[in-house]
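Every value quoted in this text rests on a predicted model; they were computed, and no experiment measured them. Side chains are part of it too, since the values below use all heavy atoms of this structure and drop only hydrogens, waters and symmetry mates.
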Amino acid sequence: MGFELEGIIGERATFRTARGRFSRMTECRLSGDLVLVPLTGPLLVEAARHFGIGNAASVPTQVTESLAALVSESGPAVHVSAFEFGDDGHERYTLWVDGTAKWTRGRESQVRQFFTDERGVDAGPGFDIGKHRGESAAERWAAADAIPESPEHH
C-alpha cells in the first residue's frame with residue numbers, strides 16, 4: 001500500500017501563532033526537535049476559509065502555500081509533499097522563510113542540514129515520512145503521533 005502526505009515541518013515554537021488561528025492544527029513528533037503538522041482535510045478547509053480562498057479541494061496548492069507562508073513568518077518552515085505508489089513516488093521539500101519560498105525540490109538531508117546548521121536544532125537521524133500508509137496518511141499521522149498539548153500552548 002502506498003501513501004500520500006502533505007505537511008509542514010518546523011520547530012514547535014514556529015507553529016505558535018498559527019496554532020492560535022487554526023483549531024484543526026495538530027503537531028506530531030517527527031525527528032529530533034522537529035515536528036510535522038500534517039495537512040489534514042479539516043485543517044485545509046479551515047485554512048481555506050481563513051485565507052478567503054473558498055473550496056480547499058479545488059485549489060489545494062494555493063491553500064498549502066498560503067499556510068506555509070503564514071507559518072514561516074514565525075520561523076523557517078518546510079512544506080513536504082510526498083507520495084509513493086508501487087515503484088513511483090517522490091518527496092519534495094520547500095523551505096519557506098518570512099513568507100517566501102527560498103528553495104524548492106529540496107531533499108530530506110538538506111532540510112535536516114538546514115535546521116542543524118542554520119538553526120542549531122537537533123534534526124534527528126532522519127524522517128520516516130511514509131510510516132503511515134494510505135491516502136489518509138495525514139489523518140493517520142495526526143491520530144497516532146500527535147504531541148499532547150501542554151498548558152502553555154493554550
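Closest approach of A101 to W96, counting heavy atoms only: N-CE3, 3.4 Å. What you find for A146 and R29 is that their closest heavy atoms are O-NH1, 3.9 Å. Taking all atoms of both residues into account, the shortest heavy-atom contact from G124 to S31 is CA-OG, 3.2 Å. Nearest heavy-atom pair, G7 versus L39, reported as atom, atom and distance to 0.1 Å: CA-CG, 3.8 Å. Minimum interatomic distance between F83 and D88 (heavy atoms only, all atoms of both residues): CZ-OD2, 3.7 Å. Considering all non-hydrogen atoms of both residues, A18 and M25 come closest at CB-CE, 3.7 Å.
Side chain of E108 to backbone of F127: a donor-acceptor contact under 3.5 angstrom is found. Judged by distance alone, the side chain of S74 and the main-chain N or O of F15 form no donor-acceptor pair under 3.5 Å. Not one N or O on the side chain of T104 forms a donor-acceptor pair closer than 3.5 Å with the backbone of T94. Panel note: side chain T14, backbone G10; no donor-acceptor pair is recorded below 3.5 Å. Within the 3.5 Å criterion, the main-chain N or O of A77 finds no donor-acceptor partner in the side chain of S72.
Side-chain atoms of H79 and E6 include a donor-acceptor pair closer than 3.5 Å.
One finds no salt bridge joining E91 and R107 here, because no Lys/Arg side-chain nitrogen approaches an Asp/Glu carboxylate oxygen to under 4.0 Å.
The side-chain contact (heavy atoms from CB on, under 4.5 Å) test with C28 singles out one residue from I9, V35, D145, and that residue is D145.
Residues I147 and F22 share a hydrophobic cluster, clusters being chains of Ile/Leu/Val/Met/Phe/Trp/Tyr side chains in contact below 4.5 Å. Hydrophobic clustering places V80 together with L95 (ILVMFWY residues linked when any side-chain heavy atoms are closer than 4.5 Å, directly or through intermediates).
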**Request:** Would you sort out whether V37 and V71 count as a side-chain contact (heavy atoms from CB on, under 4.5 Å), showing the intermediate values?
**Result:** CA-CA 11 Å; V37 170; V71 169; over 6 Å; no

**Prompt:** Can you check side-chain contact (heavy atoms from CB on, under 4.5 Å) on L30 and D128, steps first, answer last?
**Reply:** CA-CA 8 Å; L30 180 61; D128 188 7; over 6 Å; no

**Prompt:** Would Y93 and I129 count as a side-chain contact (heavy atoms from CB on, under 4.5 Å) if you check the C-alpha gap in whole Å, the side-chain angles of each, and the deciding distance to 0.1 Å?
**Reply:** CA-CA 11 Å; Y93 296 88; I129 292 296; 3.4 Å; yes

**Message:** Set out, in order, the CA-CA distance, both residues' side-chain angles and the distance that settles side-chain contact (heavy atoms from CB on, under 4.5 Å) for F115 and V78, then state yes or no.
**Reply:** CA-CA 10 Å; F115 279 102; V78 175; 3.8 Å; yes

Throw together a table of side-chain donor-acceptor distances under 3.5 angstrom for residues 40-54, partners on residues two or more places apart or in other chains.
residue : atom : partner : partner atom : Å
T40     : OG1  : L43     : N            : 3.3
E46     : OE1  : S23     : N            : 3.2
E46     : OE1  : R24     : N            : 2.9
E46     : OE2  : S23     : N            : 2.9
E46     : OE2  : S23     : OG           : 3.0

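Between the CG atom in L5 and the CZ atom in R133 there is a gap of 10.5 Å [rounded to 0.5 Å]. From R140, atom CZ reaches atom CD of E135 across 10.0 Å, with rounding to the nearest 0.5 Å. Distance check: H90 NE2 to R105 CZ gives 8.5 Å after rounding to the nearest 0.5 Å. For the atom pair CZ of F3 and CZ of F85, the computed distance is 13.0 Å after rounding to the nearest 0.5 Å.
The side-chain heavy atoms of T116 and V121, taken from C-beta on, include no pair separated by under 4.5 Å.
Residue-environment remark: CD (Q110) exceeds the threshold of 12 foreign heavy atoms within 6.0 Å.
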